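What follows is one structure encoded as structure tokens, with my remarks underneath.
Please read these numbers as outputs of a predicted model, since none were measured by experiment. Remember, it's 1-based here, ligands and their atoms both numbered in the order they're listed.
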Amino acid sequence: MNYNEIYTESIENPQAFWEQQAQQIEWFSKPSIILSKDKNDYPLWFEDGELNACYLAIDKHIQDGFGDNIALIYDSPVTQTIRKFTFSEVKSEVAKLAGGLQSLGLQKGDTTVIYMPMIPQALFAMLACARIGVTHSVVFGGFAPHELAIRIDDCKPKVILTASSGIEVERLIAYKPLVDEAIELAEHKPQNVVILNRKLGAKIPFKKYDIDYDALVYGSEEIPCVPVNATHPLYVLYTSGTTGKPKGIVRDTGGYVTALKFSMTHIYGVKPDEVFWAASDVGWVVGHSFITYGPLINRNATIVFEGKPIKTPDASTFWRIISEHKVSTMFTAPTAIRAIKKEDPNGDFIKQYDLTCLKTQFLAGERCDVATLEWYNEHIPVPAIDHWWQTESGWPMIANMMGVEYLPVKPGSAGKAVAGYDIRILGENGQELGPNEEGYVVIKLPLPPGTLLDLWKDNERFKSGYLNKFEGYYFSGDGGFKDEEDYIYITGRVDDVINVAGHRLSTAEMEEIVASHPSVAECAVVGANDDLKGQIPLAFVVIKSGIEMEHFQLEHEVVQLVREKIGAVASLRNVVIVQRLPKTRSGKILRKLLRSIADKTEFQIPSTIDDVAIIDEIQTDLEQYGFGKK
Ligand code: COA
Ligand code: AMP
């Protein structure tokens, strides 16, 4: 089938289409109900099927005779380690860890938090939970204790799995004190913390709830996989929303593994036994779908990379890994390519490696700018494919489906709708817009399998955030347009979510933190354009009357506050003191206007603005603090 045929089939007859795809998965009990609806009239896939994601990722391949094939390649330039694990080796460790977790009282229906750096044990922990039907919630290692505590309070883990440290370029980050602090901050107190001692010299303060990871694994028997229902939550993954509270995206099991198998074969075009590398982090959705479950379910060796595209040790790392491990398909964020391009503009490092193993380069996580795409194409002769998706979808929604048909690439577009996604562009009143008209990117229900099931214990927010804006459609939060040939162009978020170096962050959350500074009367945080990271947060602050404070002092304190509460990953470095914020006559802060002024892009003066004179004031303030020169 070509792209048009497969796409049309998936939209016209979703039940038959996904029933067929579900047959690519081994079920303990095959579903007889393919598509049903929950209490919100929202789709449920394969409701009565039974399966286990860990079984599909590991045990099945061993039973099929591939136990000695490589499942996982750990490449860590920061510790100068390369270690390979076969499917049998992964199984042995995962099945024992699962046994250990069971001995701590964990059972189907419980939750855990996993707070680990990019090491194989992060994947083992996820798989061990999946093995016994425990819902895991991985928290990105770059988040500070305050963020971890919010997630602990929301998903109430019985156990937290962590490691002694992560490494940021040359900086050792001790995780245990962060976990202890988060537990202190949280109202919910987990029963145990399972800690892997990496023996890299980080301090591991002892607490009564601590359990040593190695002792737990080696003291346990291997246990089998527990069958779970298709709609059983495999994981909860928190992502930024438009308020200070992150949203717990709930992922089912049956729909998800079906969608991942479909993605590996039909979108990424990867055959079993090839080496697949997604250079992301297990703390993000890419890490769940395409470092852990997707490649393993498709019997691909997955690479766990502990490093950065540059500085570990230099901009050659990506090419060294591709060539050394014979990576056939790679996935990274455009920001990583921009970082490499900055260090190695002529691609001198690229020429030093044999990259003939590489078939395709996928890019996602943020808009892929044309200059980055062109630079890649100039230096590496493989298709560079932008594709669009979200934590919520769990797998690509717009892409060039490389396993089906390689369509011509249009720079600036993420491609066409992936099979299963009926993507439309709607105007403010819900009317469908024509070619090249920019509007809201929405998806007509039912969403295909594998997409979000709900928000963890917050069905009201789920409905109001995604389903209520346009009845019968899922609202993505992104703006964009389609051209005459149905290529889709994503123009950016239409809400207060920003994208910093491929990391999704909430400006509303940053505003709450900035506003908590004792000298701040009110503030607005917006995402300003940045050549490397795509966007970076910029805080506009009004100081309380009667307080005199030097700009550099306030900036330093606000930056520290955000680092302390969210983590360094927020990358807030610039604070601009203003006399007042631009507002509408009803008192709403005009953030979009602030962004345009900061980016020096053209804008129309909003008709609702309270006082037009403020625009000049803000421009002067920005220049005074030299924003953009840092
Ligand atoms: N633990 C602790 N701190 C972390 C961290 C982690 N896991 N990840 C990032 N940080 C810290 C960094 O050390 C840095 O701290 P600093 O301000 O003290 O220097 C800060 O958070 C910002 O990190 P980062 O956004 O990674 O910026 P960078 O300047 O170190 O590197 C890039 C820039 C572009 C190389 C890097 O952002 C990158 O590789 N991006 C790709 C992202 C990606 O793959 N995203 C997944 C989406 S698919
Ligand atoms: P996350 O949930 O962290 O994966 O972030 C999802 C958001 O990142 C989307 O809603 C988009 O705003 C943005 N995004 C992801 N991929 C792309 C892409 N290929 N092009 C444009 N924006 C993207």
request  = List every atom of ligand 2 that sits less than 4.0 Å from any heavy atom of Thr391, numbering the atoms from 1 in the order shown and giving each element.
outcome  = 1 (P), 2 (O), 3 (O), 4 (O)

query = Given Val569, Ile337, Thr335, which has its nearest heavy atom closest to atom 40 (N) of ligand 1?
reply = Thr335

query = Is there a donor in the side chain of Glu557 and an acceptor in the side chain of Gln553, or the other way round, less than 3.5 Å apart?
reply = yes

inquiry  = Trp277: which residues meet the ring-ring contact (aromatic ring centres under 6.0 Å, His included) condition with it, sequence neighbours left out?
reply    = Phe305, Phe318

request  = Please confirm whether Glu392 comes within less than 3.5 Å of ligand 2 when only nitrogen or oxygen atoms on both sides are compared.
outcome  = no

task = Please list all pairs passing the salt bridge (Lys or Arg N to Asp or Glu O under 4.0 Å) test where one or both residues lie in residues 174-183, with sequence neighbours left out.
result = Lys176-Asp180, Lys176-Asp210

ask   = Short N/O distance, under 3.5 Å, between Ala414 and ligand 2?
value = no

message = Starting from atom 6 (C) of ligand 1, what is the nearest protein heavy atom, named by residue and atom, and what distance separates them?
response = Gly142 CA, 3.4 Å

inquiry  = Does any N or O of ligand 2 fall below 3.5 Å from an N or O anywhere on Arg504, backbone included?
reply    = yes

inquiry  = Below 30° counts as parallel, above 60° as perpendicular, anything between as tilted: where do the rings of Tyr466 and Phe462 land?
reply    = tilted

request  = Considering heavy atoms of the protein only, find what lies nearest to atom 31 (O) of ligand 1 and give residue, atom and distance to 0.1 Å.
outcome  = Lys308 NZ, 3.9 Å

Lys482 to Tyr487 six-membered ring, cation-pi geometry met (6.0 Å, 45°) = no

note = Candidates Gly534, Gly502, Gly365, Ser289; heavy atom nearest atom 14 (N) of ligand 2 found on Gly365

request  = Could you find the nearest protein heavy atom to atom 27 (O) of ligand 1 and give me its residue, atom name and distance?
outcome  = Lys533 NZ, 3.0 Å

ask   = Are there more than 12 heavy atoms of other residues, nucleotides or ligands under 6.0 Å from atom NZ of Lys342?
value = no

key: Lys410 atom NZ: more than 12 heavy-atom contacts under 6.0 Å   = yes

task = Examine ligand 1 and decide if any of its atoms is less than 4.0 Å from a heavy atom belonging to Lys311.
result = no

request  = Provide, to 0.1 Å, the distance between atom 6 (C) of ligand 2 and the closest protein heavy atom, together with that atom's residue and name.
outcome  = Trp389 O, 3.6 Å

ask   = For the side chain of Arg151 and the backbone of Glu147, is there at least one donor-acceptor N/O pair under 3.5 Å apart?
value = yes

note = Note: ligand 2 atoms sitting under 4.0 Å from heavy atoms of Asn499 are 8 (O), 13 (C)

message = Below 4.0 Å from ligand 1: does a non-hydrogen atom of Arg338 turn up there or not?
response = no

query = Among protein heavy atoms, which lies nearest atom 11 (C) of ligand 2, and at what distance?
reply = Asp478 OD2, 2.8 Å

